[in-house]
Amino acid sequence: MRWRDRFAVLYFPQGMSLSAVSLGLFFIHLSVFASDLNNFYFTHHYDRMSFQYTIVLIFSHVISICWAAMGSLFAEMAENKNFQWFAMISLMLNGIMFFNRLSLEFLSIQYREENH
Amino acid sequence: MGSVSSCLRSSEHCQPSCAGGSQWGGLAGKCTPVTEAWSTEKPSRTWHRPSRTHSHCPPVPRPPCPPWSLSERAPPLWPAALDTLLSQVPKGKVSGLPTAFGGKRFQLWALGFFCTERHLAKRLKSNSFYPFTQQQPGVFVLEYYLDTVWKGALLFLICFTLVSTNFLKQVQKQQTWGFSAYGMGVGLWLLVSSLPRRRLVLNHTRGMYHFSIQGRTVCQGPMHLVYMRLALSSDAYGRCFFQLVLGGHKLEPLVLVQMSERYEQMEYLGRRMAQKLNINYFDYLATSYRHVVRHWPLGASFSPGIVQRKTRIYEKPSASELEV
């Protein structure tokens with residue numbers, strides 16, 4: 001019966017898996033963002049930043065926000081307080097992460113224009 | 001006007017549409033001529049506005065599409081012919097053997113193009129309780145897999161070939177294999193989440209329905225929470241398309257016919273299926289004469305939420321009344 005319990009995530013309330021996946025993506029984005037900040041401000045190894053993955057990264061941010069929003073909608077319908085808070089936190093964190101990413105990209109564009 | 005099912009059926013059956021311009025008068029049991037219902041003007045005072053406003057379809061009982069019986073596409077005697085055809089067939093098979101379910105789990109995987117009402121009528125000809133099978137008199141069982149199994153598998157395979165052949169690996173110095181990786185992840189998730197088999201049991205002997213996924217009970221409740229309904233979507237030009245959906249509280253909605261323009265045929269099929277399965281049938285409007293309610297919420301006649309109005313208008317039970 002144990003291997004069936006590993007599929008317990010499939011029987012979560014509808015939308016919980018969406019919020020959970022978007023939260024997982026948030027942590028991935030957070031680690032990439034932290035590494036980029038480190039390379040931009042502290043070690044100044046600009047060639048180790050994630051410029052080659054910018055398109056996929058922005059796409060991933062947008063998809064994560066969409067999934068978090070869908071999970072939040074399901075949470076509102078389910079009327080479960082804990083689930084609502086979880087989905088709302090996931091959505092807000094993803095939104096904040098998106099704007100952080102956007103600011104860093106603008107900074108790096110400014111840097112690459114070499115207007116020192 | 002083409003002939004449709006006559007008004008001579010007893011009130012115990014579902015209310016059929018009446019010939020000519022008359023309207024089935026609910027429990028009154030006879031056809032009363034309502035001529036203004038066929039026009040596109042403002043409806044008479046006995047009609048309520050639908051809660052969901054469709055600006056293309058004014059609130060009349062029939063959508064303002066050209067009469068189907070007058071068009072060349074729909075044969076005018078279609079519901080009557082289908083009635084005689086379906087009554088000639090033997091009743092739905094009674095099968096207690098588990099092997100009988102073998103090939104039928106994928107019967108709801110109809111591709112959109114083939115998912116017409118004629119296809120459903122053919123299926124109903126061989127099995128009157130389609131998509132259910134009758135285990136005992138009064139007990140209907142449906143086992144199915146969601147169609148996201150093949151969609152997820154297809155997406156996974158396509159993205160896997162893209163990743164393995166390095167087709168979209170790099171586009172102008174940007175690494176784009178991440179899109180294929182995303183597709184693989186989403187496809188795999190869709191596949192894995194749809195692999196458990198779903199099982200819906202309608203048990204009239206106990207008055208309950210039971211929905212489980214691979215043996216785990218998801219929901220169990222009274223029979224008034226399962227229904228057959230007609231859903232409406234319209235395009236920008238005002239053409240109305242109908243879907244026949246089997247749904248319920250905490251059930252996955254099953255679309256039986258997708259995107260059909262023939263309202264009468266869809267309504268006939270929906271009513272017949274609801275009659276065979278003995279569940280409620282709802283029209284696409286929230287307030288309509290055409291609902292057939294066989295099971296009321298428990299204690300409905302004493303609940304202050306449902307008021308029997310003198311004009312005999314039955315409303316679709318609101319969400320608060322559907323709480324078990």
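Reckoned from all heavy atoms, side chains included, excluding hydrogens, waters and symmetry mates. Only a predicted model underlies this, so the values are computations on that prediction, with no experimental measurement involved. Here is the naming used below: chain letters follow the sequence lines, and residue numbers restart at 1 for every chain.
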With rounding to the nearest 0.5 angstrom, report the CD to CD1 distance, B:Glu252 to B:Ile213. 5.5 Å
Side chains of B:Arg290 and B:Tyr284 in contact at under 4.5 Å (non-hydrogen atoms): no
Which residues satisfy the salt bridge (charged side-chain N to carboxylate O under 4.0 Å, His left out) test with B:Arg197, sequence neighbours excluded? B:Glu143
Scan for side-chain hydrogen bond (donor to acceptor under 3.5 Å, both in side chains) pairs involving residues 82-96 of chain A, sequence neighbours excluded, and state none if there are none. A:Ser22-A:Ser90, A:Ser64-A:Asn94
B:Phe211 and B:Lys250, any side-chain heavy atoms less than 4.5 Å apart: no
Among all residues two or more places apart in sequence or in another chain, which pass the salt bridge (charged side-chain N to carboxylate O under 4.0 Å, His left out) test with A:Arg101? A:Asp36, A:Glu105
Top contributor to chain B interface from A:Ile63, A:Leu25, A:Leu57 [non-hydrogen pairs under 4.5 Å]: A:Leu25
Which residues in residues 157-176 of chain B have a heavy atom less than 4.5 Å from any heavy atom of chain A? B:Lys173, B:Gln174, B:Gln175, B:Thr176
Of the backbone (N, CA, C, O) and the side chain (C-beta and beyond), which part of A:Phe59 lies under 4.5 Å from a heavy atom of chain B, both, or neither? side chain
Would you check if the side chain of A:Ser108 reaches a backbone N or O of A:Leu104 as a donor-acceptor pair within less than 3.5 Å? yes
